[in-house]
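To keep things clear, I will list the structure first and then write my remarks on it.
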2 protein chains.
Amino acid sequence: MALNKQPYRGTRDFFPKSKRVQDYLFSVMTKTAESFGYESYEGPLLEEVDLYLAKSGEELINEQIYSFTDRGERHVAIRPEMTPTVARMVAQVHRESSKPLRWFSIPRMMRYEKPQRGRMREFWQLNCDIFGAPGRTGEVEILQVAIELFENYGATNKHFEIVLNDRAIVDAVFKRMMKADEKQTYRLYKIADKSKKVNEEAVKKMVAEVGLTPEAENIFYSYLQLKTFADVDSFLKKHNENEIADAFAEFIKLTDANGLNEYLVYDPSIVRGLDYYTGIVFEMFDKHPDNRRALCGGGAFANLLQIFNEDPLPGVGFGLGDVTLEDFLTVHGLLPNLDNPTNDVLVTFQEDNGLEASMNLAKAMRKKGLKVVTSLEALKFKKVFPTAEKKGVKFVTLMGSDEMAKGEIQLKNLATKEQHTFKITDLEEMLKIMKA
Amino acid sequence: MALNKQPYRGTRDFFPKSKRVQDYLFSVMTKTAESFGYESYEGPLLEEVDLYLAKSGEELINEQIYSFTDRGERHVAIRPEMTPTVARMVAQVHRESSKPLRWFSIPRMMRYEKPQRGRMREFWQLNCDIFGAPGRTGEVEILQVAIELFENYGATNKHFEIVLNDRAIVDAVFKRMMKADEKQTYRLYKIADKSKKVNEEAVKKMVAEVGLTPEAENIFYSYLQLKTFADVDSFLKKHNENEIADAFAEFIKLTDANGLNEYLVYDPSIVRGLDYYTGIVFEMFDKHPDNRRALCGGGAFANLLQIFNEDPLPGVGFGLGDVTLEDFLTVHGLLPNLDNPTNDVLVTFQEDNGLEASMNLAKAMRKKGLKVVTSLEALKFKKVFPTAEKKGVKFVTLMGSDEMAKGEIQLKNLATKEQHTFKITDLEEMLKIMKA
C-alpha cells in the first residue's frame with residue numbers, strides 16, 4: 001500500500017510559497033525585536049517534564065503536552081510553551097549579566113489540540129521578554145514592542161487594540177476588598193475570564209457558587225463594570241486602595257507619554273490565571289468582526305526563577321503565535337504578495353552546447369552577490385519568459401547560436417524590455433545595467 | 001528541591017552569543033542556496049513512523065529514532081532526517097511543478113545518540129535537493145552548491161575535499177563484474193565503507209566471510225585500490241564496462257568545466273549504503289588533522305517517490321549538520337567574532353526626569369530603521385561607555401541637566417570620539433551623521 005502523502009494531523013507542510021509567508025512573518029518579528037536591542041536566543045525542543053509541572057497550567061500538562069519516556073528512561077516533553085525554558089536559561093546567567101536582559105525567540109512548539117481555525121498542533125510563537133528593568137519601564141517597553149511589531153506589519157488602531165489589567169489591582173479587589181481566600185480567588189479568576197463570553201445570569205450562577213458575602217459579591221459586580229482607566233482610579237480610591245491606584249496611574253502616564261494609549265483599553269476580565277503574573281497582564285485583540293480573538297498575550301511576573309532557587313528577578317513578556325497572526329494579516333489584507341520568489345537573473349542558452357558557458361556565467365554572477373537561476377538544458381525562446389516570471393527574476397540572459405559564435409550573450413530587462421548585447425566575459429558591464 | 005537548570009542531555013541552550021553563531025551559519029546557508037535559486041521549504045517536526053520504516057536505515061529506526069504513541073494512538077517520530085519528508089512533500093506537487101525543482105531547508109532534528117564531539121541528540125541540517133534536472137547536471141549543481149557554500153564561509157581546497165563515487169560504478173563492479181547477489185552486495189557495501197577505517201587483515205577477514213569466488217575477491221581488492229578518475233576509467237574499460245565509464249567521464253568533464261575538480265577525489269570506499277542512491281554519492285571531508293571527518297554527504301537517487309506510488313523523478317541532494325560545520329569553522333579559525341551584538345545607538349539620560357524624552361527619541365530613531373538600545377534609568381556618565389561596548393553600538397546619545405534644559409542631546413561616535421549637539425527633535429540631522 002502506498003504511504004500517506006499528507007502531514008501528521010495538526011501540522012503543516014510549508015511549500016515554498018507558504019514558507020515565504022512564514023519567513024516574512026518571522027523577519028518582521030526579528031527586525032522589530034532587534035530595533036529595541038532584544039537579543040535572539042533558542043532552547044531545546046525537548047525539556048524534562050518536571051520543568052512544566054512546576055509552572056504550567058493544568059490543562060496544558062494533563063491534556064495538551066506531548067510527553068514520552070526516552071530510551072534512557074527520562075520523562076521528556078516537546079515544549080508546549082517557551083516561558084519555562086527561558087526561565088531555566090536566565091537562571092543560569094542572570095547573576096553575571098547586566099540588566100535589563102532583553103531576549104527574544106521564535107520557538108516552534110507543539111500542543112495536542114483539536115486543529116481548528118487559528119489553532120494547530122504545531123506552531124511557532126514569538127516570545128519577547130525583558131528582565132530586571134527598573135520600575136514600570138519593562139511593562140511599558142513590552143507593550144511598545146508588541147504595538148510597534150503590529151505597526152511594522154502595517155496595522156493601526158483600526159485593526160487591533162490591547163485590553164489590559166494589573167494583577168496588583170485584581171488581587172487588591174479579590175483578596176483585600178472582597179476578602180476572598182486563595183481557593184475563592186482562583187475561582188474568581190476563572191469567572192472574570194469567562195464574564196465577557198457568557199450572559200449575566202451565567203455569571204451570577206457561577207458567583208453564587210463561590211460562597212462570598214453579599215458585600216463581596218457586589219464589589220465583584222462593580223469591578224466587572226469598570227471600563228476606563230478613570231473608572232479604575234476612582235473605584236480603587238473609593239475603597240482606599242490609593243497606593244495601588246497611584247502605581248497604576250504612574251504606568252498609564254508612561255504609556256501615554258509614549259503614545260501608546262490610543263491602543264489601550266482597561267478590561268477587568270483580563271486576569272491571565274497563571275499564578276506567576278504579578279503586574280500588568282494584557283491581550284491584543286483583532287478588531288475585525290470575522291476574527292474577533294486574542295492575537296497575543298503577556299504580562300509582568302515578579303519571580304520566575306524561584307523554582308531554581310535563584311534570587312527574584314522581575315520580568316515582563318509576551319507571546320504571539322504564528323497561526324493567529326497570519327489569520328489577522330490575511331483578514332485585513334496586510335500580507336504582501338509572496339506568490340513568486342525573487343531572483344535577480346535567469347541564465348539561459350538556446351543551443352545544446354551552451355551549458356558549460358552558461359554555468360560559468362552563472363557562477364561569476366553569484367560571486368557578485370546575485371541570485372541566479374540557471375536553465376540546465378537548452379530553453380526554447382518562447383519558454384524563456386514564462387519561466388522567468390515563475391522564478392521572479394528581473395533579468396534574463398539568452399545565448400543562441402549567433403551569440404555562441406561571437407562569445408556573447410543578450411541581457412534583457414523584463415520590466416522595461418530593454419535589451420543589451422555583451423561579451424560573455426564583460427560581467428562588470430552587465431552589473432552596471434543590473435544594479436542600476 | 002530546586003529544578004535542574006541544565007538542558008536535556010544532548011541538546012543545547014543557545015544563549016545570545018551562540019545564537020548569533022547559529023544565525024551566521026544559517027544565513028550563509030540561506031544566502032548560498034538562494035544564490036542558486038533554491039527555494040526554502042519546511043515540514044512538520046513529527047512524522048508518522050511508517051514514513052521512516054519505508055526508507056531509513058535500520059540503525060536509525062531501531063536505535064536512534066525518538067518515537068512514541070500520541071494521545072490519539074498514532075505512532076509518530078520526531079524527524080531524524082529530512083529526506084522522507086521532502087519526498088512526501090514533492091510527491092504531493094511534482095506533477096504540476098515545472099522542473100527542475102530546487103528546494104532547501106534547515107530543519108531541526110533529533111536522534112537518540114551518545115553525545116560526543118561533533119554529535120548532539122538535537123541538531124540542524126541544511127538539506128539541498130534538486131529534482132528533475134536533465135542528465136548529470138543535477139549532480140554537478142549539487143556539488144557546486146556544497147562547494148560554494150564552503151567558499152562563502154571562507155574555506156578553500158586547503159580546508160576540505162570531496163570524496164566521491166558513482167553507485168552505477170559500484171553496482172557494475174559488485175553485481176556484474178563480481179556477480180554478487182543482493183545479500184552479498186549489501187555486505188560488500190559495508191566492507192567498502194569500513195575499508196579505510198580498519199587494517200588490510202580485517203578487510204580480508206570480512207571479505208572471506210562473504211562467500212565470493214577467488215576471482216571476485218581479486219576484483220574487489222583491485223577496486224579498493226582505485227585512486228583517480230583515470231584509474232576508474234581504465235579499470236571499467238578493462239572489464240568491458242564502457243558505458244558506465246563514459247557516463248562517469250561525462251560527469252567529470254562537466255565538473256571540470258565548472259572548476260570543481262580541485263576539490264574532487266575519487267574514493268571507492270564511498271558507497272553510502274542506503275538503497276535509494278543510484279548515481280553519484282559523495283562526502284565532504286575536513287582536511288584538518290584534528291577534525292578529520294565527514295562534514296556532509298549526499299548523492300543522486302532515481303526514485304524516492306515510489307513509496308507514494310508516484311512516477312519516478314530523479315533527484316540529487318546533500319545534508320550538512322550544524323554541529324560538524326561549527327567544529328570545522330572553529331578549528332580553521334573561519335568563524336567571525338560574534339561576541340557582542342551589533343546595534344546602532346544607545347540612548348541614555350543622566351537625570352531622573354529624562355526617561356520620557358529619551359523613550360520618544362528612541363522611538364523616532366526606530367521608525368527610521370535604526371537598532372536602538374535604551375537605558376531605562378538615569379545612567380551615570382562613567383557607565384555609558386562600558387554599556388555601549390557590551391551592546392555593540394556605534395553611537396550613544398547623552399542628555400544631562402544642561403541638555404534637558406535646552407531640549408538637546410549629545411550624539412557621540414564611539415569609534416572617532418566625535419561629538420555633536422542636536423535639538424532633540426532634529427532627527428534628520430542626527431541621521432546624516434549616523435548614516436554617514
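All values reported here derive from a predicted model rather than from experimental measurement.
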Tell me whether the rings of B:Y66 and A:F68 are parallel (<30°), tilted (30 to 60°) or perpendicular (>60°).
perpendicular

Single hit among A:K17, A:K19, A:R20 for salt bridge (Lys or Arg N to Asp or Glu O under 4.0 Å) with B:E39
A:R20

Option in [options] with maximal non-hydrogen atom pairs under 4.5 Å from chain B:
options: A:G43, A:G72, A:P134; value: A:P134
options: A:T374, A:N4, A:D50; value: A:T374
options: A:T137, A:V373, A:D344, A:T85; value: A:T137
options: A:V393, A:I65, A:T32, A:T342; value: A:I65

B:E63 with A:R71: basic N within carboxylate O range, under 4.0 Å
no

Is it true that B:D13 and A:R88 have a side-chain N and a carboxylate O under 4.0 angstrom from each other?
yes

Using 0.5 Å steps for rounding, measure from the [atom1] atom of [X] to the [atom2] atom of [Y].
X: B:L45; Y: A:T11; atom1: CG; atom2: OG1; value: 9.0 Å
X: A:S67; Y: B:D70; atom1: OG; atom2: CG; value: 11.5 Å
X: A:L3; Y: B:L51; atom1: CG; atom2: CG; value: 6.0 Å
X: B:Y8; Y: A:R74; atom1: OH; atom2: CZ; value: 6.5 Å
X: A:I130; Y: B:L376; atom1: CD1; atom2: CG; value: 5.0 Å
X: A:Y41; Y: B:S18; atom1: OH; atom2: OG; value: 13.5 Å

For the interface with chain A, which of [options] has the highest count of heavy-atom pairs at distances below 4.5 Å?
options: B:Q144, B:E48, B:M365, B:Q306; answer: B:Q144
options: B:S35, B:S375, B:A257; answer: B:S35
options: B:G392, B:P16, B:G138; answer: B:P16
options: B:I78, B:T387, B:V76; answer: B:I78

Identify which part of [X] has an atom lying under 4.5 Å from any heavy atom of chain A, answering side chain, backbone, both or neither.
X: B:V93; result: side chain
X: B:V372; result: both
X: B:D23; result: side chain
X: B:K391; result: side chain

For residues A:F15 and B:M89, report the shortest heavy-atom separation together with the two atoms involved.
CE2-O, 3.3 Å

Nearest heavy-atom contact between A:P44 and B:E122 is CA-OE1, 3.3 Å

Could you check B:R12 against A:E42 for side chain to side chain contact (heavy atoms under 4.5 Å, CB included), going step by step and ending with a plain yes or no?
CA-CA 9 Å; B:R12 290 164 285 174; A:E42 184 42 295; over 6 Å; no

Heavy-atom distance under 4.5 Å to chain B: side chain of [X], backbone, both or neither?
X: A:L370; result: backbone
X: A:E34; result: both
X: A:K367; result: side chain

Side-chain donor/acceptor of B:Q92 to backbone N/O of A:Q6, under 3.5 Å:
no

Residues of residues 99-106 of chain A near chain B, each having a heavy atom less than 4.5 Å away
A:P100, A:R102, A:W103

Residues in residues 107-115 of chain B near chain A [non-hydrogen atoms, under 4.5 Å]:
B:R108, B:M110, B:Y112

Expected contact set for residues 354-363 of chain B against chain A at heavy-atom separation under 4.5 Å reads B:L355, B:E356, B:M359, B:N360, B:K363

Set of residues satisfying side chain to side chain contact (heavy atoms under 4.5 Å, CB included) with respect to A:S98, sequence neighbours excluded
B:K390

